[in-house]
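Values below: all heavy atoms of this structure, side chains included; hydrogens, waters and symmetry mates excluded.
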Number of protein chains: 2
Amino acid sequence: MSTRSEIIKIADELIREKGFNAFSFYDISKALGIKNASVHYHFPTKNDLGIAVVNEYLAKLEEMMADSADKEPTERINVYLSIYTSTKAEGRICLVGSLASDLQTVDPELKVYLKQLVDKILNWVTDILADGQARGVFAFSVVPRTKALMIITNMLASLQLTRLTDEQDFETIKQTIIKDITK
Amino acid sequence: MSTRSEIIKIADELIREKGFNAFSFYDISKALGIKNASVHYHFPTKNDLGIAVVNEYLAKLEEMMADSADKEPTERINVYLSIYTSTKAEGRICLVGSLASDLQTVDPELKVYLKQLVDKILNWVTDILADGQARGVFAFSVVPRTKALMIITNMLASLQLTRLTDEQDFETIKQTIIKDITK
DNA sequence: GTCTATATCCGGATAGAC
DNA sequence: GTCTATCCGGATATAGAC
């Protein structure tokens, strides 16, 4: 794995653990056993690094969507929900939730990429729900896009909130979502 | 209004606008037309100030709960949801969502008070839902506490997410919640 | 591509005068 | 209760050697 890729991986973990404004280039260099200046060689500014992290998500998501495109709606929604299960296991929050909280402090350029990521996720979940509804395996009383918004907000905030309530609550929320849309 | 109260008010706004790690004592002093050191006179450390902000919420919430305790469940849930409508109008996110995102960077002491605030909100919404269910005006298929978790996560994340999708989505989510629980 | 060294700036915090 | 002045540490970022 290239240093560049490793930096992106660690930056992602740090953003989701401490937030964009709370991690430093030194944190990354320390984790990789290199120096501060070496990180700047790969990413001149923090903004550059942030954009690289978001772009990595855009690419990964594209791949994930393609891989599951031919699957059943039930399995596709599980693929989506399982992303958060992994994140919960890490004890971290999701990238979108972290950056959305810091939105007023990030560079407008980064914001543009973040918007693209959110759009892609929303369209993906909307598509899964519409497909499930058309095939008669899902049922809900609002338009698919609205139901997608409800599910995404449940998942995003569950990572943030269940560190303060009961850790078991994450799984409760996830199961409630599945039960709720299953016909 | 005392300087102390004004500092708390501005700190709250800044936390919800930029995040706990992105605002400074200078930001507050500037807004009040006083100096950095004067803010430290009222709150020696940033942690002290953070705790004061959370305690202010605990007190305000207590008051709000007492004021609406005798009202109908429909009105009580509207009181709860209207908190987020005001916050959305400000273009900010909620205090719990902001601090929960920065959870790993805040002092353990602050975390304790934040947990109390989340508990109080969760108990309040759970109580409203249980009351509505008992009176036959609300209906839902999970236990009240779980439904409360679903609603709170919808609201918390809607503030963060709808700045990146469509501003109108906030109202859509709110109306979907009301429609969903209304018998 | 990584290093040492350093410039620059900002934020939290304190001392002591008024 | 607010001020001036200052310390200190940490963070972004760059220059230039290896």
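In the hydrophobic clustering of this structure, B:Ile121 groups with B:Met64; members are Ile, Leu, Val, Met, Phe, Trp, Tyr whose side-chain heavy atoms approach within less than 4.5 Å, directly or through other members.
Classification of the B:Tyr80-B:Trp124 ring pair by plane angle, with boundaries at 30° and 60°, yields perpendicular.
A sub-4.0 Å separation between OP1 or OP2 of C:dT2 and a side-chain N or O of A:Thr3 is present. One finds no side-chain N or O of B:Tyr41 lying less than 4.0 angstrom from the OP1 or OP2 phosphate oxygen of D:dT2.
Between B:Lys9 and B:Met1, the closest side-chain pair of non-hydrogen atoms falls below 4.5 Å.
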Checklist line | Letter per nucleotide, 5' to 3', of nucleotides 4-18 of chain C [B base touched, S only sugar-phosphate touched, - untouched; heavy atoms, 4.0 Å] | finding: B------SSBBB---

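Rounded to a whole Å, the CD atom of B:Glu6 is 13 Å from the P atom of D:dG1.
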Notebook entry, point to check: Going through the distances and angles, do B:Arg16 and B:Asp12 end up as a salt bridge (Lys or Arg N to Asp or Glu O under 4.0 Å)?
Noted result: CA-CA 6 Å; B:Arg16 294 185 295 105; B:Asp12 166 44; 2.9 Å; yes

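Geometric assessment of A:Lys46 against the ring of A:Phe23 yields a positive cation-pi assignment under the 6.0 Å and 45° thresholds.
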